[in-house]
Every structure is written in C-alpha cells, then in structure tokens.
Amino acid sequence: MKYEFAFMGCGNMGGALVRAVAKAVSPTKIALFDKDTEKANALGVETGAIPTTLKDVCENARFLVLGVKPQVMDAALLEAQEYLLAREDLTLITMAAGLSISAVKQAAGKRFPTIRIMPNTPAEVGEGMILYCADHVDGESLQAFLTAFAPCGKLMHMEESKIDAASALSGCGPAFCYMFIEALADGAVECGIPRAQALELAAQTALGASKMVLKHGNPGTLKDNVCSPGGTTIAGVHALEKDGLRAAAMDAVLASYQKTLALKK
C-alpha cells in the first residue's frame with residue numbers, strides 16, 4: 001500500500017483535514033487528488049502530501065477520504081468505479097452532508113467498509129469537532145482512523161440517525177460563531193477601540209468562554225457568575241435577550257438542519 005490516506009477533493013474542509021492528518025501521518029503517506037490540479041498542488045507544497053491522479057488514489061490508499069460535495073458524489077464515484085471495484089482492502093471515509101453510508105456505498109458500486117464523518121473547519125488549528133460513525137469497519141482500521149484524525153481536535157461517536165442534526169450545530173456553527181465574534185468586535189469599534197484590538201478582544205473572549213464551558217459545564221451558571229446585580233454585564237445581557245439572541249441562534253441551527261434534510265430528497 002503506497003498511501004495510508006488519500007483525499008479525493010481538496011476544498012476548504014478537505015484541506016483543513018489534510019493539514020491536521022499530516023501531523024499524525026507522514027505526508028508522504030498522504031495522497032491528494034482534485035480536478036483543480038492547482039489546488040491539489042498548492043496543498044501538496046504546503047503540507048508535503050503527494051498530489052496525484054484519481055487512479056492512483058483509488059488503487060493505492062488504505063483509506064479514501066471523499067471530500068466532494070454531496071450533489072456531485074454520485075458522479076465522482078461513478079468516475080472512480082473502474083478503479084474502486086478491484087479493491088478488497090479499502091475503507092471509505094465520507095463527509096458529505098445529508099448522504100448516508102448506504103447511499104455512499106451504493107454510489108461506490110461496492111459495499112466497502114465506510115466511516116462517515118462530519119467535521120468542521122477549526123480542525124485546521126486542532127480545535128475541530130469531528131462526528132463519526134462506522135459500518136463494517138474492523139477495530140484496527142477504526143483505531144488507525146482515530147489516531148490519524150486526533151490532531152483535528154475532538155472526535156465524538158454519534159449514531160448515524162443523529163449525525164445530521166448534530167452537524168447542523170458543529171459543522172455550521174463556526175460560521176455562526178464568526179458572525180458573533182465579528183459583531184462583538186464591531187460593538188467595541190463603535191465604543192472607540194481600534195479594529196485590530198477589538199477583534200483580538202472578541203476572539204480571545206470567545207475562546208476563554210468556550211474553555212470555561214468545556215471545563216465547568218452549565219453555561220447558564222457561568223453567565224450568572226459574570227452578572228453582578230445592577231452591573232454592566234446584566235445590562236448587556238438584557239439587550240441581547242431583547243433583540244432575540246437565543247431565538248436567532250436556535251433558528252440558525254434548525255434552518256441548517258432543515259437544509260440538510262432537503263439535500264437528501
């Protein structure tokens with residue numbers, strides 16, 4: 001086996017995973033294929049992974065990571081089938097939103113052992129949240145996957161029936177967090193703080209608050225601990241409640257989940 005992992009598709013999410021996996025697996029054991037050869041070549045220069053052909057990644061990798069969008073998965077696997085059908089020792093890893101393991105296996109033309117993941121882009125900096133489930137994957141292969149993807153951040157096993165709902169939060173959530181951080185920084189700018197300082201203040205504050213929740217749990221109690229009676233923080237909390245922050249955040253997750261369900265149709 002020439003490669004431990006091969007990535008078919010090197011977009012934003014695929015690239016983030018390559019950067020993380022290359023910290024646990026020798027880059028020379030990671031192959032890259034993208035129809036945009038410049039994209040694969042640039043990622044190869046950055047990480048040391050090997051840009052190559054569709055035939056090579058299909059025929060010579062232990063794990064094939066399918067980094068293509070769900071709406072083109074059938075076409076991509078149909079193109080790869082002539083190389084895949086001869087394989088007996090291949091494990092597929094799919095990260096296509098809304099596509100079940102059974103749908104991916106059907107598109108591949110063969111019932112390969114398959115791991116379904118729903119990652120998020122903070123995997124690039126080692127703070128990702130990777131949801132996963134597996135079908136007919138042996139213990140040794142599953143452990144190899146977990147070890148290779150550990151530099152991405154946290155990995156959480158999730159029943160496949162729940163993975164779409166969970167990824168509406170973890171997969172889409174970074175965009176919501178970026179919007180909130182940007183809005184906090186805008187508020188500081190309006191108060192007279194220079195933009196660069198405001199952004200650093202907002203990002204570090206969000207990072208610290210997140211770590212407090214992971215350590216202590218119960219964000220409501222942590223919030224209350226910051227709110228002194230008659231103080232500045234409770235005035236800000238009042239403003240957020242009045243403007244519907246909670247409902248807007250809940251609606252964002254729900255809208256993302258509903259869009260995922262629509263992609264299945």
Side-chain angles (χ1 to χ4, degrees), residues 1-22 29-44 47 49-121 123-124 130-137 141 145 148-149 152 160 163-164 167 171-172 259-265:
M1 204 67 67
K2 287 170 62 177
Y3 309 113
E4 185 73 1
F5 288 85
F7 288 77
M8 191 169 84
C10 301
N12 291 336
M13 192 65 254
L17 294 179
V18 171
R19 294 180 186 97
V21 172
K29 291 292 186 181
I30 301 173
L32 310 174
F33 169 76
D34 197 288
K35 287 198 169 184
D36 183 345
T37 55
E38 290 185 3
K39 186 180 293 183
N41 289 339
L43 187 60
T47 63
I50 311 300
T52 186
T53 64
L54 176 62
K55 182 177 187 291
D56 192 27
V57 299
C58 291
E59 290 184 346
N60 293 299
R62 179 182 179 186
F63 295 90
L64 179 61
V65 183
L66 305 173
V68 298
K69 296 184 183 301
Q71 55 267 36
V72 299
M73 180 69 80
D74 283 354
L77 285 175
L78 182 62
E79 185 177 353
Q81 265 190 23
E82 63 176 302
Y83 312 122
L84 293 176
L85 291 179
R87 294 294 306 274
E88 298 294 340
D89 53 351
L90 174 68
T91 298
L92 298 179
I93 300 177
T94 173
M95 55 178 169
L99 280 187
S100 66
I101 287 176
S102 62
V104 171
K105 287 187 175 188
Q106 182 175 356
K110 194 170 185 178
R111 296 192 64 80
F112 291 106
T114 302
I115 300 170
R116 182 180 175 188
I117 64 172
M118 287 308 299
N120 62 11
T121 51
E124 181 175 333
I130 314 296
L131 309 173
Y132 75 93
C133 58
D135 185 65
H136 289 87
V137 177
S141 295
F145 155 74
F149 277 70
C152 294
E160 188 172 21
I163 208 166
D164 288 329
S167 67
C172 305
K259 180 65 174 179
T260 298
L261 296 179
L263 289 173
K264 294 182 174 183
K265 297 178 180 178

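Side-chain contact between Thr52 and Asn60 is absent, with no heavy atoms from C-beta onward closer than 4.5 Å. Side chains of Leu90 and Lys110 form no contact here, defined as non-hydrogen atoms less than 4.5 Å apart. Within the 4.5 Å cutoff, the side chain of Arg116 has no heavy atoms near those of the Val104 side chain. Contact check for Ile30 versus Thr47: no side-chain heavy atoms found under the 4.5 Å cut-off. Taking the side chain as every heavy atom from C-beta outward, Thr114 and His136 never approach each other to under 4.5 Å. Two residues are said to be in side-chain contact when any heavy atoms from C-beta on lie closer than 4.5 Å; Cys58 and Phe33 fail this criterion. For the pair Phe112/Leu84, a side-chain contact is recorded, criterion being any heavy-atom separation below 4.5 Å from C-beta on.
The structure places CD1 of Ile50 at 11.5 Å from CG of Leu43, a figure rounded to the nearest 0.5 Å. Separating the CD1 atom in Ile101 from the CD atom in Gln106 is a distance of 14.0 Å, to the nearest 0.5 Å. In this structure, CD1 in Ile115 is found 11.5 Å from CG in Leu64, a value given to the nearest 0.5 Å. With rounding to the nearest 0.5 angstrom, the CZ atom of Arg62 is 9.5 Å from the CG atom of Asp89. Taking OG of Ser100 as the reference point, atom CD1 of Ile163 lies at 11.0 Å (rounded to 0.5 Å).
Closest non-hydrogen pair, Gly171 versus Asn120, comes out as CA-CB, 4.1 Å. Scanning both residues, Ala40 and Leu32, for their nearest heavy atoms gives O-CD1, 3.6 Å. Listed here is the closest heavy atom pair of Val137 and Ala134: CG2-CB, 3.9 Å. Annotation for Asn41 and Pro51: closest pair OD1-CB, 3.3 Å, computed over non-hydrogen atoms. Taking both residues in full, the closest heavy atoms of Phe5 and Ala61 are given as C-CB, 4.4 Å, listed atom of the first, atom of the second, then distance. Nearest heavy atoms, Met8 versus Leu77: CE-CD2, 4.3 Å.
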Asp135 vs Lys105, side-chain contact (heavy atoms from CB on, under 4.5 Å): CA-CA, chis, key distance, verdict: CA-CA 10 Å; Asp135 185 65; Lys105 287 187 175 188; 2.4 Å; yes
From CA spacing to verdict: side-chain contact (heavy atoms from CB on, under 4.5 Å), Phe149, Ile93: CA-CA 12 Å; Phe149 277 70; Ile93 300 177; 4.2 Å; yes
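Paired with Ile117 under the rule side-chain contact (heavy atoms from CB on, under 4.5 Å), one option of Ile130, Leu66, Thr94 passes, and it is Ile130.
Listed by first and then second residue, the side chain to side chain donor-acceptor pair (under 3.5 Å) pairs involving residues 68-83 are Lys35-Glu79 (not counting sequence neighbours).
Looking only at distances, no side-chain donor or acceptor of Asp34 sits under 3.5 Å from a matching main-chain atom of Lys39.
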